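Structure below; questions to follow.
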Amino acid sequence: MTIYVGNLSYDVTQEDLTAVFSEYGTVKKAYLPTDRETGKLRGFAFVDLSTEEEEQQAIETLDGANWMGRDMKVNKARPRERR
DNA sequence: GTTGAGCGTT
């Protein structure tokens with residue numbers, strides 16, 4: 001399972017994500033997509049923890065939490081199919 | 001500032 005993190009500050013880095021989610025489990029992957037044309041961050045991210053329990057815990061705890069000045073959205077990610 | 005890519009037409 002992958003976690004979707006939306007409404008992020010554009011100052012957030014992969015290191016920041018990893019640091020925060022590491023409090024709830026082992027971060028296997030932290031990905032910050034950038035706009036394909038402008039190269040700028042898109043304001044959301046994807047994080048993979050090692051177990052679903054950890055991810056569920058991270059979602060429950062971090063969803064709606066104020067981080068870097070923004071109330072981030074955290075929930076289970078959708079498959080990467082849309083465009 | 002809200003769901004990742006690139007290739008290239010299921």
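None of these values were measured; they are calculated from a predicted model. Residue numbering restarts at 1 for every chain, and letters A, B, ... go by the order of the sequence lines.
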* With sequence neighbours left out, what residues match A:E55 under side chain to side chain contact (heavy atoms under 4.5 Å, CB included)? ->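 Partners of A:E55 under the side chain to side chain contact (heavy atoms under 4.5 Å, CB included) test: A:M1, A:I3, A:L49, A:E52.
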* Tell me whether A:F44 is stacked on the nucleobase of B:dT2, counting only the six-membered base ring and applying the 5.5 Å and 30° thresholds. =>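 Whether judged by distance or by angle, A:F44 falls short somewhere, so it does not stack on the base of B:dT2.
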* Just how far, in rounded Å, is P of B:dT2 from CG of A:N75? ->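 So the CG-P distance, A:N75 to B:dT2, works out to 14 Å.
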* Rounded to the Å, how far apart are A:E37 CD and B:dG4 C1'? ->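 Distance, rounded to whole Å: 16 Å.
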* Roughly how many Å is it from CG in A:L8 to C1' in B:dT3, rounded to a whole number? ->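 Going from CG in A:L8 over to C1' in B:dT3 covers 12 Å.
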* Between residues 12-33 of chain A and DNA chain B, which residues have a heavy-atom gap below 4.0 Å? ->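 The stretch gives A:Y31, A:P33 as the residues lying under 4.0 Å from the strand, ordered by number.
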* Check: A:L17 and A:Y31 side chains under 4.5 Å, non-hydrogen atoms ->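 Side-chain contact under 4.5 Å: no.
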* Check whether any side-chain N or O of A:R80 sits under 4.0 Å from OP1 or OP2 of B:dA5, and answer yes or no. =>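 So the side-chain polar atoms of A:R80 never come under 4.0 Å of the phosphate oxygens OP1 or OP2 of B:dA5.
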* Asked: Between B:dG6, B:dT2, B:dG4, which nucleotide has the shortest distance from any of its atoms to the side chain of A:R42?
  ->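 Nucleotide nearest to A:R42's side chain: B:dG4.
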* **Nearest-0.5 Å distance that lies between atom CG in A:N75 and atom CD1 in A:I59** =>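 Output value for this atom pair is 6.5 Å.
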* Asked: Starting at CD1 of A:I3 and ending at C1' of B:dT2, how long is that distance when rounded to a whole Å?
  ->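 Spelled out: CD1 on A:I3 to C1' on B:dT2 is 16 Å.
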* Could you list by number each residue of residues 46-61 of chain A showing a heavy-atom separation from DNA chain B of less than 4.0 Å, or answer none if no residue does? =>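 Result for residues 46-61 of chain A: A:F46, sorted by number.
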* A:K76 has an atom NZ; how far is it from atom P of B:dT3, in whole Å? ->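 Value for this atom pair: 15 Å.
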* Could you check A:R36 against A:K73 and say which one's nearest nucleotide on DNA chain B is further toward the 5' end? =>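 Residue closer to the 5' terminus by nearest nucleotide: A:K73.
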* Asked: Nearest-Å distance, OH (A:Y4) to P (B:dT3)?
  ->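 Rounded to the whole Å, the gap is 5 Å.
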* Asked: Residues two or more places apart in sequence or in another chain: which of them pass side chain to side chain donor-acceptor pair (under 3.5 Å) with A:N66?
  ->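 With sequence neighbours excluded, A:N66 shows a side chain to side chain donor-acceptor pair (under 3.5 Å) to A:D71, given in chain and number order.
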* **side chain to side chain donor-acceptor pair (under 3.5 Å) involving A:E15 - partner list, sequence neighbours excluded** =>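 Only A:T13 meet the side chain to side chain donor-acceptor pair (under 3.5 Å) criterion with A:E15.
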* Under the side chain to side chain donor-acceptor pair (under 3.5 Å) test, which residues partner A:Q14, sequence neighbours left out? ->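 None.
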Mind listing the side-chain donor-acceptor pairs of residues 20-29 of chain A below 3.5 Å, one per line with the distance, residues two or more places apart or on another chain?
unit_1: A:S22; atom_1: OG; unit_2: A:T18; atom_2: O; d: 2.5

* Which residues satisfy the ring-ring contact (aromatic ring centres under 6.0 Å, His included) test with A:F46, sequence neighbours excluded? ->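 With neighbours one apart ignored, the set is A:Y4, A:F44.
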* What pairs with A:N7 under side chain to side chain donor-acceptor pair (under 3.5 Å), at least two apart in sequence or on another chain? ->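 For A:N7 the side chain to side chain donor-acceptor pair (under 3.5 Å) partners, ignoring immediate neighbours, are A:R70.
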* Please tell me which of A:T34 and A:S9 maps to the more 5' nucleotide of DNA chain B, matching each residue to the nucleotide holding its nearest heavy atom. =>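 Between the two, 5'-proximity favours A:S9.
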